[in-house]
Amino acid sequence: STARRSWQFSMRHFFHRDCVKLAQRKALSPRARFYYARELSAHGREEEAAAQLELFLSDGRGWVENALQACLDLAGCYERLGREEDAFSALVRGLWYGPPRPEACCELGRFFFRREDWLSAAYWYGRALDAPDWGEPGGFKQPGCRDYIPLLQLCVCHYHLGDRALAAEYNERAGAV
């Protein structure tokens, strides 16, 4: 669509502009650094993206909503680089900014799910269902992290934990979403 092409052109333009600024050793604003890091990651440049996200977070001047997303993005970079401990540390780093949001709870649940630590995974998916919606307008939100994803994952976790009745209950709840 025309809107998508326009958005893609705009993002490429900003990405190029920020590359030029960095090449000229000009400082990026916190917001520009955050989006620059996301673009690096989108282009498969995970090491560079992680470095930029670390700089963004250590600067401490970015918007809290961007900082929370930066922690999730950083965890994703580290996961794709095979750096599991760093990915976990990035997820936990988000707790500096307040109670975990559903998105962070789902990511923490997924971390333990991949390790087949069903009890820990179930704990974090359960927190995703309980998490308050206290984010600021304009923040990054994934609606599925409030209901469908944690419900379905809780079904799988409780199945593996041997509680078939509870697994079936979560499955029914997920199906009703």
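When a residue number appears, it is its place in the shown sequence, counting from 1.
- Put simply, CG on Leu91 and SG on Cys106 are 11.5 Å apart, with the number rounded to the nearest 0.5 Å.
- Put simply, the side chain of Glu103 gets close to the backbone of Gln142: a donor and an acceptor are under 3.5 Å apart.
- A salt bridge links Arg115 to Glu84: one of the charged nitrogens lies within less than 4.0 Å of a carboxylate oxygen.
- By the 4.5 Å heavy-atom criterion applied to side chains, Leu57 and Cys71 are counted as neighbours.
- Under the 4.5 Å side-chain heavy-atom criterion for grouping Ile, Leu, Val, Met, Phe, Trp and Tyr, Leu129 is connected to Leu119 within one hydrophobic cluster.
- A heavy-atom distance below 4.5 Å is not found between the side chains of His160 and Glu116.
- When all heavy atoms of Pro150 and Gly144 are compared, the pair lying nearest together is CD-O, 3.4 Å.
- At least one side-chain heavy atom of Ser41 sits under 4.5 Å from a side-chain heavy atom of Arg80.
- Distance check, rounded to the nearest 0.5 Å: CG of Asn66 to CZ of Arg31 gives 7.0 Å.
- Ring geometry for Phe113 versus Trp118: interplanar angle over 60°, hence perpendicular rather than tilted (30 to 60°).
- Ionic pairing of Glu47 and Arg83 is present here: one or more N-O contacts between side-chain nitrogen and carboxylate oxygen are shorter than 4.0 angstrom.
- Note on Phe56 and Tyr97: same hydrophobic cluster, where clusters join Ile, Leu, Val, Met, Phe, Trp and Tyr whose side-chain heavy atoms are under 4.5 Å apart, directly or indirectly.
- In this structure, the side chains of Phe88 and Phe112 come closer than 4.5 Å at one or more pairs of heavy atoms.
- Atom CD in Gln69 sits 5.5 Å away from atom CZ in Phe34 (nearest 0.5 Å).
- Between Glu65 and Arg101 there is a salt bridge, since a side-chain N of the basic residue sits under 4.0 Å from a carboxylate O of the acidic one.
- Between Gln52 atom CD and Leu74 atom CG the span is 11.5 Å, to the nearest 0.5 Å.
- Under the 4.0 Å criterion applied to side-chain N and carboxylate O atoms, Arg33 and Asp59 are not assigned as salt-bridge partners.
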Please list, one pair per line, the donor and acceptor atoms closer than 3.5 Å that link side chains of residues 169-176 to other protein atoms, with sequence neighbours excluded.
none

Contacts under 3.5 angstrom, residues 120-128 side chains, donor-acceptor by atom type, not counting sequence neighbours:
residue : atom : partner : partner atom : Å
Ser120  : OG   : Asp117  : OD1          : 3.2
Ser120  : OG   : Asp117  : OD2          : 2.9
Tyr125  : OH   : Arg110  : N            : 3.1
Arg127  : NE   : Asp130  : OD2          : 3.4
Arg127  : NH1  : Tyr123  : O            : 3.2
Arg127  : NH2  : Asp130  : OD2          : 2.7

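- Using a 4.0 Å cut-off between charged side-chain N and carboxylate O, Arg93 and Glu54 make a salt bridge.
- Leu28 and Leu55 end up in different hydrophobic clusters when Ile, Leu, Val, Met, Phe, Trp and Tyr side chains are linked at under 4.5 Å.
- If you take CG on Leu108 and CG on Leu95, they are separated by 7.0 Å, rounding to the nearest 0.5 Å.
- The hydrophobic cluster containing Ile149 does not contain Phe111, counting ILVMFWY residues as joined when their side-chain heavy atoms lie under 4.5 angstrom apart, directly or transitively.
- Of the possible donor and acceptor atoms, one in the side chain of Arg164 sits under 3.5 Å from a partner among the backbone N and O of Tyr159.
- Here Glu39 does not pair with Arg45 in a salt bridge; the nearest charged N to carboxylate O distance is not below 4.0 Å.
- The cluster map of Ile, Leu, Val, Met, Phe, Trp and Tyr, joined by side-chain heavy atoms under 4.5 Å apart, puts Leu152 and Val177 in the same cluster.
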Task: Chi angles and distances behind the side-chain contact (heavy atoms from CB on, under 4.5 Å) call for Leu40, Leu53 - done: CA-CA 10 Å; Leu40 287 168; Leu53 289 165; over 6 Å; no
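- Annotation: side chain of Leu161 is not in contact with side chain of Leu166 (no heavy-atom distance under 4.5 Å).
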